[in-house]
Amino acid sequence: MRHQTVVVQTDSDPALVFDIAKKRYVYHGGQDTPVLNLEHTENAQSAWILQFKHAIANVPRTLMAFSPTDEAPDAVDCLAAIDECYGIPDHELVKIAARAYVVNGTGATHDAFVKRFAARLENITQELGVFGAVPIELADRAPWPIFTVEDIDD
């Protein structure tokens with residue numbers, strides 16, 4: 001499968017444009033956004049934006065990841081790869097674990113913990129979000145950085 005990646009100037013800013021699996025992706029978040037898994041570029045079926053809730057020293061806040069399927073890459077796998085590349089400090093990993101517990105935990109102990117501490121933790125916890133591209137026709141409603149996708153013919 002042939003992939004093309006080019007940087008183009010749009011009306012507002014330079015954008016990264018690339019074609020994957022008969023889809024054109026356009027990312028307006030910066031042409032220097034690091035790609036987490038370059039080994040998947042040849043067989044990629046989709047592209048995703050990874051973004052930390054808060055900045056971490058010496059770690060890019062936003063990265064791009066390719067997926068060999070239409071499914072989003074696993075956030076924990078991405079987190080492990082980011083840690084291998086950049087080294088996530090232990091205290092940031094604890095913040096990520098706390099956020100995962102608050103959001104995904106279950107049971108009476110979890111419920112009591114969240115009831116008591118959720119408001120305090122919300123401002124200090126950390127999270128790695130995985131975001132897909134928005135269809136081009138919805139670009140006017142897309143959050144920043146704008147990441148769109150449209151079907152194309154080869």
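Hydrophobic clustering of Ile, Leu, Val, Met, Phe, Trp and Tyr side chains at less than 4.5 Å, counting indirect connections, keeps L16 apart from I136.
Of all heavy-atom pairs between A44 and A21, the closest is O-CB, 4.2 Å. Here the closest heavy-atom approach between residue A47 and residue F18 is recorded as CB-CE1, 3.6 Å. In terms of heavy-atom proximity, E39 sits nearest to N43 at O-OD1, 4.3 Å.
With sequence neighbours excluded, the residues forming a side-chain contact (heavy atoms from CB on, under 4.5 Å) with L138 are V134, P135, R141, listed by chain and number. Taking K23 as the reference, Y25, D70, V149, D151 meet the side-chain contact (heavy atoms from CB on, under 4.5 Å) condition, with sequence neighbours excluded.
Counting heavy atoms from C-beta outward, Q45 and P68 have side chains that stay 4.5 Å or more apart. Residues M64 and Y27 meet the side-chain proximity criterion, which asks for heavy atoms closer than 4.5 Å.
For residues 73-88, there are no salt bridge (Lys or Arg N to Asp or Glu O under 4.0 Å) pairs, not counting sequence neighbours. Screening residues 54-67 for side chain to side chain donor-acceptor pair (under 3.5 Å) gives Q51-T62, S67-T69 as the qualifying pairs, with residues at least two apart or on separate chains. Pairs of residues two or more places apart, or lying in two chains, that qualify as salt bridge (Lys or Arg N to Asp or Glu O under 4.0 Å) and include a residue from residues 51-60 are K53-E122.
Taking a 6.0 Å sphere around CD of E150, one finds it holds more than 12 heavy atoms contributed by other residues, nucleotides or ligands. Annotation: D140, atom CG; neighbour count of heavy atoms from other residues, nucleotides and ligands within 6.0 Å is above 12.
Once rounded to the nearest 0.5 Å, the distance linking CZ of R99 with OG1 of T125 reads 5.0 Å. Note: R24 CZ to D153 CG = 10.5 Å, rounded to the nearest 0.5 Å.
Hydrophobic side-chain contacts under 4.5 Å tie I88 into a cluster, directly or through other members, with L36, W48, L50, F52, I56, V59, L63, L79, I82, Y86, L93, I96, L128, V130. Hydrophobic cluster membership for V103: none, as no Ile, Leu, Val, Met, Phe, Trp or Tyr side chain comes under 4.5 Å of it.
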Cut-off 3.5 Å, no hydrogens considered: what does the side-chain donor-acceptor table look like for residues 108-116, sequence neighbours left out?
from: H110; atom 1: ND1; to: G105; atom 2: O; distance (Å): 3.4
from: H110; atom 1: NE2; to: Y101; atom 2: O; distance (Å): 3.0
from: H110; atom 1: NE2; to: V102; atom 2: O; distance (Å): 3.1

